[in-house]
Amino acid sequence: AVKVFTFETGVVTLSGTPPASGWKFELEAYCCSPAGIVNLQNGYSYATMEAVIYDETMTLAAASPKFIESPAQIITPYNKSYRFHAVSPHIEDSLYYNLASAAPNVTYNPGYSLNSPLPNSNVNAANGPVSFDNHTGMLTCDVQAAINGLYSVAVEVEQWRNGIKISEVRNDALIAINMDSTYNNNSAPSVSIDTALYQNISTMAPGSYRVMAIPGDTLSFDVQASDFDMNPHTSGSQVISFDAFGNALDSTQWSGQSL
């Protein structure tokens, strides 16, 4: 079951010009996170959101980026990434992601930190490093030994236009880690694009591709995927789902695809 909380204030009117550091709006909700977050001390159990508005935000009449809720993701020894995704209604803007502190005055448990909020080698030598891609919002880890439970990770996304930062939004997320052997025997699907056929696409790393395009370009390519693991609960084949993210995509033409 999923419980959704909606928070809305009345209209707040501000006069004057924001300082260089911007006007900061913060919501602390003491209701919406379970107690016992693994990587934080002091029984931290509330959610926070934050937005910063600069003078340029109003001058350019810019709307702040919006975080898109990620599908339910569980980190296991075979699922090693979590995507934070935000979109801007202004296609000409660039978005830049940073890991942020989970909340003001928060204290991390030993081995965890702002830049390593998930299990890492400082927690257990069997774990690999935690890395974060500032351009895509992809958080990657290699968890081999960890406590099952929820881990708090905060990300801020900056909105830039013509070299000027015009807004900033921060959001908390709770990432589930499950070391249950039922899930640990599952390998990630194999995904590939034929770059010999689609020569405008280049390979960055296994399963990672790049294409250079400008607004208005049309991209067309096939993605091949296979998964030979069985579903441990049904003894049947697993389902591979394709999804697409990005404010440059026409959402009216994409509804996802499952195989």
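In this text, all values refer to a predicted model and were calculated from it rather than measured experimentally.
- When the side chain to side chain contact (heavy atoms under 4.5 Å, CB included) test is applied to T136, the partners found at least two apart in sequence or on another chain are D133, M138.
- Listed here is the closest heavy atom pair of I177 and A146: CG2-CB, 4.1 Å.
- Applying the side-chain hydrogen bond (donor to acceptor under 3.5 Å, both in side chains) criterion to W160, with sequence neighbours excluded, gives E158.
- Taking both residues in full, the closest heavy atoms of A173 and F84 are given as CB-CE2, 3.5 Å, listed atom of the first, atom of the second, then distance.
- Contact check for N120 versus P129: no side-chain heavy atoms found under the 4.5 Å cut-off.
- Counting only heavy atoms from C-beta outward, the side chains of V223 and I193 approach each other to under 4.5 Å.
- A distance of 15.5 Å separates CZ in F221 from CD in Q199, rounded to the nearest 0.5 Å.
- N124 places a side-chain N or O within donor-acceptor distance of the main-chain N or O of A126, the cut-off being under 3.5 Å.
- Taken together through direct or relayed side-chain contacts under 4.5 Å among Ile, Leu, Val, Met, Phe, Trp and Tyr, I201 and M212 form parts of separate hydrophobic clusters.
- Hydrophobic clustering keeps Y54 apart from L95 (ILVMFWY residues linked when any side-chain heavy atoms are closer than 4.5 Å, directly or through intermediates).
- Here the closest non-hydrogen pair linking A154 and D172 is CB-OD1, 3.4 Å.
- Inter-residue side-chain proximity for P65 and S167 is flagged as met; some heavy-atom pair is nearer than 4.5 Å.
- Judged as a ring-ring contact (aromatic ring centres under 6.0 Å, His included), and not counting sequence neighbours, the contacts of Y96 are H135.
- Under the 4.5 Å side-chain heavy-atom criterion for grouping Ile, Leu, Val, Met, Phe, Trp and Tyr, V52 is not connected to L99 through any hydrophobic cluster.
- Between T140 and V130, the closest side-chain pair of non-hydrogen atoms is not below 4.5 Å.
- No donor-acceptor distance shorter than 3.5 angstrom exists from the side chain of D93 to the backbone of Q159, with no hydrogens or angles considered.
- Annotation: side chain to side chain contact (heavy atoms under 4.5 Å, CB included) contacts of D217 (sequence neighbours excluded): A213, I214.
- For the pair S152 and L40, the tightest heavy-atom approach, listed with the atom from each and the gap, is CB-CD1, 3.6 Å.
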### Task
Give the intermediate values and the outcome of side-chain contact (heavy atoms from CB on, under 4.5 Å) for residues V155 and F67.
CA-CA 10 Å; V155 168; F67 278 97; 4.3 Å; yes
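- In summary, the side chains of T107 and Q41 do not present any donor paired with an acceptor at a separation below 3.5 Å, with no hydrogens or angles considered.
- Residues V153 and I175 share a closest heavy-atom pair of CG2-CD1, 3.8 Å.
- Side-chain contact between Y151 and Y112: present, with at least one pair of heavy atoms (C-beta onward) separated by less than 4.5 Å.
- The only option from C141, P119, S81 that meets the side-chain contact (heavy atoms from CB on, under 4.5 Å) definition with I75 turns out to be C141.
- Scanning all heavy atoms of the two residues, the minimum distance from I37 to N109 falls at O-ND2, 4.4 Å.
- Put simply, the side chain of N127 gets close to the backbone of Q144: a donor and an acceptor are under 3.5 Å apart.
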### Message
Could you walk me through whether S116 and N122 satisfy the side-chain contact (heavy atoms from CB on, under 4.5 Å) test, starting with their C-alpha distance in whole Å, then the side-chain angles of each, then the deciding distance to 0.1 Å, before giving a yes or no?
### Response
CA-CA 9 Å; S116 293; N122 291 323; 5.6 Å; no
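- In the hydrophobic clustering, where aliphatic and aromatic side chains (Ile, Leu, Val, Met, Phe, Trp, Tyr) are joined below 4.5 Å either directly or transitively, F228 stands alone.
- With rounding to the nearest 0.5 angstrom, the CG atom of L139 is 6.5 Å from the CZ atom of F132.
- From T203, atom OG1 reaches atom CZ of R210 across 10.5 Å, with rounding to the nearest 0.5 Å.
- With sequence neighbours left out, N148 forms a side chain to side chain contact (heavy atoms under 4.5 Å, CB included) with N178, M179.
- Counting only heavy atoms from C-beta outward, the side chains of Y209 and S192 approach each other to under 4.5 Å.
- The backbone N or O of L118 lies less than 3.5 Å from no partner atom in the side chain of N39, so there is not a single donor-acceptor pair.
- At a threshold of 4.5 Å between non-hydrogen side-chain atoms, the residues N98 and N134 count as touching.
- Taking a 6.0 Å sphere around CG of L114, one finds it holds more than 12 heavy atoms contributed by other residues, nucleotides or ligands.
- Between P18 and W23, some side-chain heavy-atom pair lies under the 4.5 Å cut-off.
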